[in-house]
Amino acid sequence: MKSKRVLIVDDNDLNRKLFENLIGQLCYFKSVKNGIEALDILKVENFDLILMDIQMPQMDGMTAMKQIKISKLTESPIIAVTAFAELEDKNNFLDQGFDDFIVKPIRPREFIECIKETLSRNPTPQKVQNETTSETLSDLILDVQVIKQLMKYNSTEIIKNVYLDFLKECEKLVEDSQNSFSTSDLQSIEDHLHIIKGNSGTLGANKIFKLSQKGELHAKNSNWAETKKILQQLQNEILIFREYLNEETIFES
């Protein structure tokens, strides 16, 4: 397994770092930030597996996958990494040419098993799991079980730094979203909240996930008042999360 090579294609810094930490326990990897960079590196290097995020700037994952297939840059499996999880989405991704897909927010154990299975043989596409929603999550500031799962594959220090980076990114994205109100840029706000939603879901920051999920929907529907209210609530919840993380003893073990 250590001789295998995985290409990670994702524009989100925190997602890439998390994928790198998990995949690095299994095999060699390289990371790029968009579809254009993926095409460039595949012209000069070989990989056994490509993890392809769908929503990326410059060139999205669907376009990149099609270009890879058309140009015959590799015959290795390409797995979509996506927040879309309905049955029709599953069929669409597979019909378009992806070999499998992983639903965000990821769960470390399932993620590792999917990577192992794909690298060890030609896998049957995984059964789709339902997208995480507010109704399926417990009302916790932080799901400690998620941290415990992550720490099975990485050191306590690495995982703690992932959470600290997550907080910094959240604070920056909320600030940028609030600034976007002055330019009436709801699309940027929606994009920022989408990033927060994905990362908070993966890291078990349940309350932040619920708020960002609601906020993204309000922004998509051009509901200015509710979006602004959600951003204020998110700002407060991020402060609460930081305080909780400082008090959480799991990182001391």
Checklist line | Check against side chain to side chain contact (heavy atoms under 4.5 Å, CB included), L164 and L245 | finding: CA-CA 9 Å; L164 293 175; L245 204 64; 4.2 Å; yes

Next item on the list: Go through the steps for N15 and V81 under the test side chain to side chain contact (heavy atoms under 4.5 Å, CB included), then give the verdict.
Entry: CA-CA 10 Å; N15 268 348; V81 182; over 6 Å; no

Check: Between the main-chain N or O of E237 and the side-chain N or O of K207, is there a donor-acceptor pair closer than 3.5 Å?
Finding: no

Notebook entry, point to check: Where do Q187 and D191 land on the side-chain hydrogen bond (donor to acceptor under 3.5 Å, both in side chains) test, with the steps shown first?
Noted result: CA-CA 6 Å; Q187 183 59 55; D191 292 343; 2.9 Å; yes

Check: Does any N or O in the side chain of D143 come within less than 3.5 Å of the main-chain N or O of Q145, such that one atom is a donor and the other an acceptor?
Finding: yes

Notebook entry, point to check: Mind checking whether Q58 and D11 have side chains closer than 4.5 Å, heavy atoms only?
Noted result: no

Notebook entry, point to check: So, do I23 and F111 sit near enough that their side-chain heavy atoms are less than 4.5 Å apart?
Noted result: yes

Checklist line | Joint hydrophobic cluster, Y244 plus V146, side-chain heavy atoms closer than 4.5 Å | finding: yes

Next item on the list: Grab the two heavy atoms, one from W224 and one from S184, that are nearest each other, plus how far apart they are.
Entry: CH2-CA, 3.2 Å

Item checked: Atom pair OG (S177) and CG (L186), whose distance is rounded to the nearest 0.5 Å -> 10.0 Å

Note to self: Quick check against the 3.5 Å criterion: does N154 have a side-chain atom that pairs as donor or acceptor with the backbone of N21?
What the structure shows: yes

Note to self: Just verifying a value: how many Å separate R5 CZ and N46 CG, rounded to the nearest 0.5 Å?
What the structure shows: 7.0 Å

Next item on the list: Taking all non-hydrogen atoms of both residues into account, name the closest pair between A64 and M52 and its distance.
Entry: CB-CE, 3.8 Å

Next item on the list: For the pair E169 and I195, evaluate side chain to side chain contact (heavy atoms under 4.5 Å, CB included) and give the outcome as yes or no after the intermediate values.
Entry: CA-CA 9 Å; E169 183 181 56; I195 293 171; 4.1 Å; yes

Notebook entry, point to check: Do L18 and T202 come within less than 4.5 Å of each other through their side chains, counting heavy atoms only?
Noted result: yes

Checklist line | D176/K172 under salt bridge (charged side-chain N to carboxylate O under 4.0 Å, His left out): CA gap, chis, key distance, verdict | finding: CA-CA 6 Å; D176 289 348; K172 180 67 165 58; 2.8 Å; yes

Next item on the list: State yes or no: do I208 and V144 share one hydrophobic cluster built from I, L, V, M, F, W and Y residues joined by side-chain heavy-atom distances below 4.5 Å, directly or via other members?
Entry: yes

Next item on the list: Look at the side chain of T227 and the backbone N and O of A219, then say whether any donor-acceptor pair between them is shorter than 3.5 Å.
Entry: yes

Next item on the list: State, yes or no, whether a side-chain contact exists between F29 and L51 at a heavy-atom distance under 4.5 Å.
Entry: no

Notebook entry, point to check: Would you call I141 and I240 a side-chain contact if the rule is heavy atoms closer than 4.5 Å?
Noted result: yes

Next item on the list: Would you check if the side chain of S200 reaches a backbone N or O of K197 as a donor-acceptor pair within less than 3.5 Å?
Entry: yes

Next item on the list: Mind checking the OG-CD spacing from S222 to E190? Nearest 0.5 Å is all I need.
Entry: 8.5 Å

Item checked: Flag side-chain contact, heavy atom, 4.5 Å: F19 against D53 -> no

Margin query: Main chain of D10, side chain of R16: is a donor-acceptor contact present, judged purely on distance under 3.5 Å?
Written below: yes

Next item on the list: Could you pull out the closest heavy-atom pair between P57 and N34, with the gap in Å?
Entry: O-CB, 3.5 Å

Note to self: I'd like to know if the side chain of D99 and the backbone of I79 have a donor-acceptor N/O pair within less than 3.5 Å.
What the structure shows: no

Margin query: Would you say that L39 contacts S71 through its side chain, given a criterion of any heavy-atom pair below 4.5 Å between the two side chains?
Written below: no

Check: Which heavy atom in G35 sits nearest to a heavy atom in V9, and how many Å separate them?
Finding: N-CG1, 4.3 Å

Next item on the list: To the nearest 0.5 Å, tell me how far K116 NZ sits from I112 CD1.
Entry: 6.5 Å

Checklist line | Cluster check I230, L217: I/L/V/M/F/W/Y, side chain < 4.5 angstrom | finding: no

Item checked: Interatomic spacing from CG in D13 to NZ in K17 - rounded to 0.5 Å -> 8.0 Å

Notebook entry, point to check: Under 3.5 Å, is there a donor-acceptor pair between the side chain of E226 and the main chain of H218?
Noted result: no

Note to self: Under the criterion side chain to side chain contact (heavy atoms under 4.5 Å, CB included), I'd like the reasoning laid out for Y163 against L150: C-alpha separation, chi angles, the key distance, then a yes or no.
What the structure shows: CA-CA 11 Å; Y163 277 88; L150 287 170; 3.8 Å; yes

Next item on the list: Indicate yes or no for a side-chain donor-acceptor contact from T82 to the backbone of I54 under 3.5 Å, with no hydrogens or angles considered.
Entry: no

Item checked: L231 to V174 - nearest heavy-atom pair and separation -> O-CG1, 3.9 Å

Next item on the list: Could you give me the CA-CA distance, side-chain angles and deciding distance for D40 and K33, then say whether salt bridge (charged side-chain N to carboxylate O under 4.0 Å, His left out) is met?
Entry: CA-CA 12 Å; D40 287 342; K33 295 184 178 181; over 6 Å; no

Check: Would you call the rings of F93 and F101 parallel, tilted or perpendicular, where under 30° means parallel and over 60° means perpendicular?
Finding: tilted

Next item on the list: For residues L42 and I68, report the shortest heavy-atom separation together with the two atoms involved.
Entry: CD1-CD1, 3.5 Å

Check: So, the side chain of H192 versus the backbone of S188: is there a donor-acceptor pair under 3.5 Å, distance only?
Finding: yes

Check: Could you state the interatomic distance from NZ (K214) to CD (Q233), rounded to the nearest 0.5 Å?
Finding: 7.5 Å

Margin query: Does any part of the side chain of S31, heavy atoms only, come nearer than 4.5 Å to the side chain of E20, both counted from C-beta?
Written below: yes

Note to self: According to a hydrophobic-cluster definition based on side-chain heavy atoms being under 4.5 Å apart (Ile, Leu, Val, Met, Phe, Trp, Tyr only), do Y28 and L119 belong together?
What the structure shows: no

